[in-house]
Amino acid sequence: MAMLEVKDLQVYYGMIHAIKGVSFHVNEGEIIALIGANGAGKTTILHTITGLLTPKGGQVMFEGKDITKTPAHKIVELGMAHVPEGRRVFAQLSVYQNLKMGAYTRSDKNEIEESLEMVYKRFPRLEERKNQMAGTLSGGEQQMLAMGRALMSKPRIILMDEPSMGLSPILVNEIFDIIQSVSASGTTVLLVEQNAKKALAIADRAYVLETGKISLDGNAKDLLNDDSIKKAYLGE
Amino acid sequence: MNTMRTKTAKQNAITYGIVIIGFLIMQIISATGHMSSSLSGLLIPFCYYVILAVSLNLVVGILGELSLGHAGFMCVGAFSSVFFTKCMENVITNSLVRFIIALIIGALVAAVFGILIGIPVLRLKGDYLAIVTLAFGEIIKNLVNVLFIGKDSHGLHFSMKDTLSLGMEPDGQVIVNGPQGITGIPKDSTFVIGVVLVLITLFIVLRLINSRDGRAIQSIRDNRIAAESIGINVTKYKLMAFSVSAGLAGIGGALYAHNLSTLSATPKNFGYNMSIMILVYVVLGGIGNIRGSVIAPIVLNLVLDYFLRKLQMLGSNPVLQFLSDNRMLVYAIVLIVIMLFSWSPKMIEWRERVFHKNAKEEA
Amino acid sequence: MAMLEVKNLGISFGGLRAVNGFHVTIEKNQLYGLIGPNGAGKTTVFNLLTGVYKPDAGSILLDGKDITGESDIEISKAGIARTFQNIRLFSKMSVLDNVKVGMHNHHEYSALAGIFHTPKYKKEEALMDEKAMELLKVFDLADMAETNAANLPYGKQRRLEIARALATDPKLLLLDEPAAGMNPKETGELMDMIRFVRDEFDMTILLIEHDMKLVSGICEKLTMLNFGEVLAEGTTSEVLNDPQVITAYLGE
Amino acid sequence: DDTFKIGGIGPITGGAAVYGQAVMNASQMAADDINAAGGINGYQIEFNFQDDEHDAEKSVNAYNTLKDWGMQMLLGTVTSTPCTAVEGEASNDNMFLLTPSGSAVESISGDNAFRVCFSDPNQGTASAQYIGENKLAEKVAVIYNSSDVYSTGIYNNFVTESANQPFEIVSAEAFTEDSKTDFSVQLQKAKDAGADMVFLPIYYTEASLILTQAAGMDYAPTFFGCDGLDGLLAVEGFDTSLAEGVMLLTPFAADADDEQTKAFVSAYEEKYGETPIQFAADAYDGMYIIKTAAEKAGITPDMDASAICDALKAAMTEITYDGLTGSGMTWSADGEPNKEPKAVVIKDGAYTAM
Amino acid sequence: MSFLNYLISGISLGSVYAIIALGYTMVYGIAKMLNFAHGDVIMVGAYVVFYSTAAGMPAIPAVLLSVVICTVLGMVIEAVAYRPLRSAASPLAVLITAIGVSYLLQNLALLFWSSNTKSFTSVVKIPALKVAGLNISGETMVTILACIVIVVGLTLFINKTKPGQAMLAVSEDKGAAQLMGINVNATIALTFAIGSGLAATAGVLLCSAYPSLTPYTGSMPGIKAFVAAVFGGIGSIPGAMIGGILLGIIEIFGKAYISSQMADAIVFAVLIVVLLVKPTGLLGKQIQEKV
Ligand SMILES: Nc1ncnc2c1ncn2[C@@H]1O[C@H](COP(=O)(O)OP(=O)(O)OP(=O)(O)O)[C@@H](O)[C@H]1O
Ligand SMILES: Nc1ncnc2c1ncn2[C@@H]1O[C@H](COP(=O)(O)OP(=O)(O)OP(=O)(O)O)[C@@H](O)[C@H]1O
Ligand SMILES: [Mg+2]
Ligand SMILES: [Mg+2]
């Protein structure tokens with residue numbers, strides 16, 4: 001059984017039909033990439049999965065349970081984390097407070113402390129800046145914080161919306177390494193990326209989204225070599 | 001571009017049209033002898049409330065700053081214009097000429113206050129600004145209440161204490177009498193003048209919005225940092241919006257003041273309650289929607305001061321009696337319901353769906 | 001004479017020396033890149049150049065004119081325009097109006113002229129409309145002129161921001177991560193557009209970017225910033241092959 | 001039509017609602033009583049009361065609504081500023097106006113307008129004279145509401161008249177509608193100035209606070225007020241021992257023991273569940289004054305408002321009326337009543353004539 | 001001597017403003033909305049105590065009852081009138097609704113309890129402290145004590161407890177807070193519950209110190225407390241207390257040493273001057289937007 005399954009999703013913004021019947025699934029332990037042009041609806045899908053948006057039609061199943069109508073905060077408790085587009089860090093809280101907020105659903109102090117150590121190890125810059133107000137961090141620093149914050153909930157599946165956006169090349173590589181290591185440590189990953197090449201390189205399978213519909217899907221490595229993908233998303 | 005400009009022009013023409021048609025309807029009602037006293041008594045209030053709402057919308061909707069002190073500008077305009085009228089009552093006997101000068105004085109003095117209050121505005125944002133405008137309105141109200149001005153053969157006498165300290169000759173006449181304000185004001189406001197002033201206000205505001213300066217003001221609203229980066233002088237345009245809005249509110253105040261025989265500053269008419277009332281018009285009509293600011297005050301005043309009052313006359317039905325005795329209660333409930341209905345995202349979606357469905361069925 | 005000459009620029013935030021001893025010389029019509037790790041101070045340099053922050057050291061010469069410490073308005077008038085790392089459009093205004101606000105200081109008429117629609121108003125507005133539409137055509141936005149900026153898809157918003165910056169008729173255009181959030185294909189189109197702008201408008205451009213394909217593809221010279229200081233500068237290939245740059249920034 | 005249509009206007013919502021409601025209730029009661037006893041000249045009265053929220057503009061709206069309804073006489077308005085505004089309209093229309101409680105001079109500026117209560121200057125002057133003649137104090141402090149017409153009106157004339165009286169005003173401090181919770185400064189100043197009397201030309205709500213606060217600071221001068229203080233003893237929950245010794249010049253006291261007052265008070269209490277304040281008495285009298293004048297003038301409901309006004313104007317100066325708020329009341333053509341103020345002192349929790 | 005007396009009066013008045021401002025700033029800081037009805041909840045709280053003590057209930061249970069009723073009232077208002085508008089296109093929508101709620105409460109009170117002034121019997125039985133001619137009333141001492149307890153309590157609550165942390169997150173970004181697993185609706189409801197509970201307390205203390213109760217009793221102190229909250233820095237809990245007390249002192253000193261007629265103008269003028277010097281209030285955080 002798939003860990004996360006989306007069935008015939010229909011999402012509207014007022015009259016705008018943004019998602020027109022999207023279905024896909026994510027198996028436990030996989031890295032799934034969701035790629036597509038600007039405005040294709042990737043962010044909308046993630047928002048719908050984590051309950052920030054309510055779909056007009058279709059279903060979201062998580063570990064066999066229908067979570068279509070489950071409120072966002074309950075979904076987090078089920079073990080799903082979401083690194084939102086545009087980082088959405090708590091600008092007036094310190095880096096440390098932001099990270100603690102990520103562990104909101106957890107109660108064991110020692111385990112939280114452990115996760116904090118783990119995050120600091122992955123992102124040493126965050127430890128250096130732990131008392132700085134998050135709003136004054138540079139763009140890249142904020143991205144790291146958003147990721148670190150999501151990891152603090154010790155999720156079984158993590159949804160990432162363009163985590164490499166605005167990062168320096170070295171960090172982009174690092175982020176993809178981190179995604180792989182997060183995956184290796186047993187967390188399932190649903191990855192939305194503009195950097196299709198890198199995303200496909202680490203993903204198991206991928207879906208291509210075009211104006212609210214899945215236009216293509218398959219093994220990530222195969223898609224990497226697909227001519228139409230190369231032309232449309234890899235700029236080759 | 002050109003299509004866009006014609007579109008705006010068309011939209012604006014509709015707004016003027018609404019005013020003119022409304023005016024004509026009233027004239028017809030009146031000419032055919034169907035005009036009731038209560039309706040005719042509301043005509044001038046319609047005009048000044050529209051002027052006040054439209055001018056406040058310039059600050060709230062176009063500049064994007066919350067002002068809770070609009071009644072203060074109205075107050076300044078009212079008192080300065082009436083003061084002029086009272087001083088000149090026997091000098092300029094043509095009431096139209098005198099009233100036009102009074103209106104101009106009201107507008108100018110209020111605009112000067114607009115600039116004065118605009119200066120702190122430059123440093124403040126959001127709620128802090130709202131509080132300062134509120135404070136400003138309350139200061140004006142307080143000062144006017146302790147202002148005594150008298151006139152005798154030696155000229156004008158001022159006091160901030162009481163009439164006695166004016167130290168006037170026995171022949172002296174107290175013009176501004178503290179909380180009692182000014183009494184015996186000639187009734188210079190007429191519906192025709194009111195409508196003309198509404199049209200002038202609309203003309204100024206609509207054209208300002210669609211000009212270079214209006215765009216600059218809106219750009220500050222949408223993103224101050226970006227506006228600065230393209231060389232917009234934020235100071236200048238904030239002041240411009242505030243002073244134009246204040247000046248127009250001053251006109252509204254002058255129209256208000258010359259409609260009643262007595263003028264005094266009470267919490268009801270020039271306190272924050274009034275500022276909030278005008279804000280209610282603006283929000284109900286739509287923030288930044290000038291046409292809405294024309295319609296909302298009229299509808300709301302009609303409901304509150306016409307229909308609800310008339311209810312009682314319909315017969316001795318206890319429900320109607322209750323409703324008319326509790327106008328403010330009805331108003332509160334209606335206000336909440338309207339707000340929920342027109343602003344709640346769920347309701348908007350629902351309305352859109354229903355509306356859309358109907359449209360589809362028709363098509 | 002260089003279009004932009006910056007010497008020894010610096011600023012601190014609290015205890016943090018965000019930019020220190022920054023210098024750069026950009027010739028007219030050059031396409032210049034500013035790179036560096038996250039938090040190195042690149043955006044801060046832009047903020048210093050455009051007057052958002054006042055430098056506590058150093059000098060800025062634009063086309064020979066000293067603009068150090070000037071207000072953002074003066075600097076905009078002097079001829080520096082920019083885009084923002086996080087898009088800052090006038091979201092409730094139409095696409096066309098966004099560009100027309102950009103021309104604010106070039107097509108002037110008084111408020112009264114605006115209210116009474118004097119011939120001057122009509123002339124200037126017509127001119128502005130015309131110029132703005134041309135710009136929008138360049139950026140493939142003409143058909144959306146009447147849309148609210150907020151309703152544009154992301155990629156178009158980025159382009160509108162550039163169009164708006166160009167509307168101020170600048171001598172120097174600063175682009176802060178213009179390709180962020182774009183896929184490689186879209187980035188490719190953006191590169192063409194930047195080149196086009198440089199050629200067509202005879203523009204000098206300084207850009208911040210993390211996308212090395214864009215940087216190596218269009219920049220002629222680069223400065224690499226690290227911890228607020230210049231670590232390397234020179235032609236694009238020199239800098240990108242600098243071992244220090246590779247370890248601190250590029251990786252691999 | 002065979003009924004007289006009498007309108008009333010006053011605040012029944014907003015901060016001044018307590019006055020408007022008293023007037024509304026008492027006038028309705030008077031109208032009912034008159035109707036039960038056969039009406040005016042054999043015709044029944046229809047009474048309609050409109051809310052004005054204590055605002056001049058709303059008051060004029062209310063007036064216009066009543067005109068549409070067919071109002072022939074106006075018993076109103078309750079508060080001074082709105083009354084002045086409505087009087088402007090009424091005098092243009094030649095509509096008969098009798099205000100129960102609008103006490104500003106300007107509130108009855110036209111010849112169509114009369115009032116039941118004393119005017120502010122009248123009360124200010126009378127108070128100063130009373131204090132002076134009875135040698136009640138040597139040093140007087142005043143606490144007044146500088147944002148209120150009634151209060152400043154009395155205050156001004158009290159000060160003017162005090163020049164002719166053997167006492168001295170040692171402090172005069174104001175408060176406003178927006179800061180009327182704390183009176184410690186005003187009281188402290190009075191105390192520091194050695195005032196042995198504090199004159200309170202204000203309403204009883206604030207007076208009850210002043211009395212409480214004075215007690216809290218161990219300051220016990222004589223308090224002297226005007227008709228606005230009436231109602232003090234009726235404040236629910238008020239510790240009336242604080243009001244011991246308070247003197248007031250008022251034409252009405254709810255626990256006076258004349259038959260008329262007693263009957264009125266008990267009827268009112270039964271009907272509305274609360275003790276009537278002086279505004280209610282003014283209004284009750286007002287309705288009966290209209291009746292008296294109407295009968296004198298012999299008006300009938302088929303006359304229009306202007307004709308009724310002309311008839312009543314003349315009749316008003318000819319009648320003498322004995323009521324709750326004065327006996328032997330007469331009116332001059334300028335609309336002012338002639339009646340004797342009664343001075344009362346609060347003793348053992350009750351008003352006692354002095 | 002009179003200076004000290006004025007100072008004490010100022011602190012007494014100010015402590016009442018402060019306790020109202022605390023509830024205000026709580027809702028304001030977290031839900032980011034100006035709850036214009038706050039002053040009217042205060043009024044309701046005072047009426048509940050008035051009628052329950054009049055019916056023979058002892059003071060403490062009456063106050064508790066009032067806190068419970070106001071807490072429920074606050075939550076109902078939030079759920080019915082404010083929640084549907086939380087994501088409205090303009091924050092002014094909910095401001096106007098709050099004004100509607102304020103009018104509604106006033107007019108319901110008018111309907112049920114009439115406009116007649118009620119004289120409130122103080123629930124504070126502690127006698128005044130009299131030292132060297134100075135007189136500090138029991139109400140003042142209790143109010144100040146209550147303020148301090150509330151400031152400390154709220155600060156601890158927000159910084160040390162999970163719901164408190166949730167409030168911080170919600171105040172910044174409701175969407176992101178949800179992604180942390182925070183129940184935004186519940187958090188805001190809790191904020192209103194606390195704010196309204198504080199309002200009840202404030203109402204009781206306001207009317208104990210200044211015992212006159214009408215349906216409009218809450219509205220002006222509500223506005224003044226709002227001013228005090230801004231004065232102290234919006235959202236800052238100690239700021240609300242300091243702002244309230246300073247406002248009281250300024251009001252009294254203005255009356256005492258400048259002019260009692262112009263006390264309001266003086267208070268507001270001082271406020272404007274302070275905000276000009278410190279645009280985010282006395283203890284407000286200076287928020288700099290990163291470009
Ligand atoms: N709040 C909104 N209101 C109206 N339309 C919206 C809203 N958010 C997104 N849209 C529209 O829905 C569509 C899908 O947007 P979405 O943000 O999901 O795309 P995306 O694939 O994440 O794009 P990007 O790469 O730019 O992040 C777009 O056409 C967008 O314009
Ligand atoms: N207003 C400020 N207050 C405090 N620190 C600041 C402020 N602005 C920037 N900084 C700090 O200065 C450093 C440089 O920031 P800047 O935004 O210039 O980085 P950047 O090079 O643009 O990074 P990125 O590529 O991630 O956008 C960062 O560490 C940032 O946290
Ligand atoms: Mg997206
Ligand atoms: Mg940057």
Side-chain angles (χ1 to χ4, degrees), chain D residues 11-22 25 143-147 152 171-189 191-192 203-213 216-219 231-232 234-240 242 272-275 277, chain E residues 1-2 5-6 8-10 12-14 16-17 50 53-54 103 106-107 110-111 113-122 128 130 133 135 137-139 206-207 209-217 219-221 223-224 248 251-257 259-265 267-268:
Chain D
I12 53 174
T13 58
V18 72
Y19 315 118
Q21 288 189 337
N25 292 343
I143 301 179
Y144 69 104
N145 181 344
S146 66
S147 56
T152 42
S171 105
E173 295 294 324
F175 63 91
T176 69
E177 223 46 62
D178 292 342
S179 47
K180 53 179 190 187
T181 32
D182 185 284
F183 298 95
S184 57
V185 170
Q186 293 90 336
L187 287 167
Q188 185 73 40
K189 289 214 162 167
K191 191 180 182 185
D192 290 350
Y203 288 120
Y204 64 89
T205 306
E206 288 78 38
S208 73
L209 278 174
I210 289 180
L211 293 174
T212 316
Q213 287 175 26
M217 56 194 276
D218 297 329
Y219 178 44
L232 189 57
V235 171
E236 218 176 309
F238 181 63
D239 176 2
T240 48
L242 293 173
Y272 301 107
E274 51 199 35
T275 313
I277 55 173
Chain E
M1 202 66 225
S2 56
N5 272 321
Y6 291 142
I8 289 170
S9 302
S12 306
L13 180 62
V16 171
Y17 290 153
F50 179 83
T53 48
Y103 290 162
Q106 287 174 7
N107 284 287
L110 192 66
L111 195 61
W113 299 316
S114 96
S115 55
N116 282 344
T117 308
K118 313 270 190 276
S119 188
F120 197 90
T121 317
S122 175
K130 295 187 184 182
N135 187 341
S137 72
E139 286 81 11
L206 168 74
C207 289
Y210 303 103
S212 129
L213 178 56
T214 73
Y216 306 95
T217 291
S219 86
M220 198 62 210
I223 290 288
K224 290 243 174 108
E251 186 172 323
I252 296 289
F253 278 7
K255 268 192 227 172
Y257 295 114
S259 155
S260 57
Q261 296 186 332
M262 288 188 274
D264 306 323
V267 169
F268 286 121

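- For F50(E), the part lying under 4.5 angstrom from a heavy atom of chain D is the side chain only.
- Put simply, NZ on K191(D) and CG on N5(E) are 7.0 Å apart, with the number rounded to the nearest 0.5 Å.
- Between the side chain of K255(E) and the backbone N or O of Q186(D) there is no donor-acceptor pair closer than 3.5 Å.
- Minimum interatomic distance between S2(E) and D192(D) (heavy atoms only, all atoms of both residues): CB-OD2, 3.4 Å.
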**Item:** E274(D) vs S114(E), side-chain contact (heavy atoms from CB on, under 4.5 Å): CA-CA, chis, key distance, verdict
**Value:** CA-CA 10 Å; E274(D) 51 199 35; S114(E) 96; 3.9 Å; yes
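- Only the side chain of L110(E) comes within contact range of chain D, with at least one heavy atom under 4.5 Å from a heavy atom of that chain.
- Going from atom CZ of F175(D) over to atom CG of D264(E) covers 11.5 Å, rounded to the nearest 0.5 Å.
- Taking OH of Y17(E) as the start and CG of D182(D) as the end, the distance is 7.5 Å to the nearest 0.5 Å.
- Neither the backbone nor the side chain of A128(E) comes within contact range of chain D; no heavy atom of the residue lies under 4.5 Å from a heavy atom of that chain.
- Note: G14(D) leads G14(D), A22(D), S184(D), S208(D) in heavy-atom pairs under 4.5 Å with chain E.
- Here the closest non-hydrogen pair linking T117(E) and V235(D) is O-CG1, 3.5 Å.
- Both the backbone and the side chain of N116(E) have a heavy atom closer than 4.5 Å to some heavy atom of chain D.
- For Q106(E), no part lies near chain D; criterion is any non-hydrogen pair under 4.5 Å.
- Contact annotation for S137(E): neither backbone nor side-chain heavy atoms come within less than 4.5 Å of a heavy atom of chain D.
- Counted by atom type alone, E173(D) and S260(E) present one or more donor-acceptor pairs between their side chains at under 3.5 Å.
- By the 4.5 Å heavy-atom criterion applied to side chains, Y6(E) and K189(D) are counted as neighbours.
- Interface remark: Y216(E) contributes side-chain atoms only to the contact with chain D (heavy atom separation under 4.5 Å).
- Residue contact with chain E, scored on non-hydrogen atoms closer than 4.5 Å, involves the side chain of Q213(D) exclusively.
- For the atom pair S212(E) OG and I210(D) CD1, the distance stands at 11.0 Å (nearest 0.5 Å).
- Contact annotation for T181(D): both backbone and side-chain heavy atoms come within less than 4.5 Å of a heavy atom of chain E.
- With a 4.5 angstrom heavy-atom cutoff, Y19(D) does not touch chain E via any of its atoms.
- With chain D as the partner, the residue from K224(E), K130(E), E251(E), Q261(E) showing the most heavy-atom pairs under 4.5 Å is Q261(E).
- With respect to chain E, the highest number of heavy-atom pairs below 4.5 Å among G273(D), S179(D), G216(D), S146(D) belongs to S179(D).
- Neither the backbone nor the side chain of I277(D) comes within contact range of chain E, judged by heavy atoms closer than 4.5 Å.
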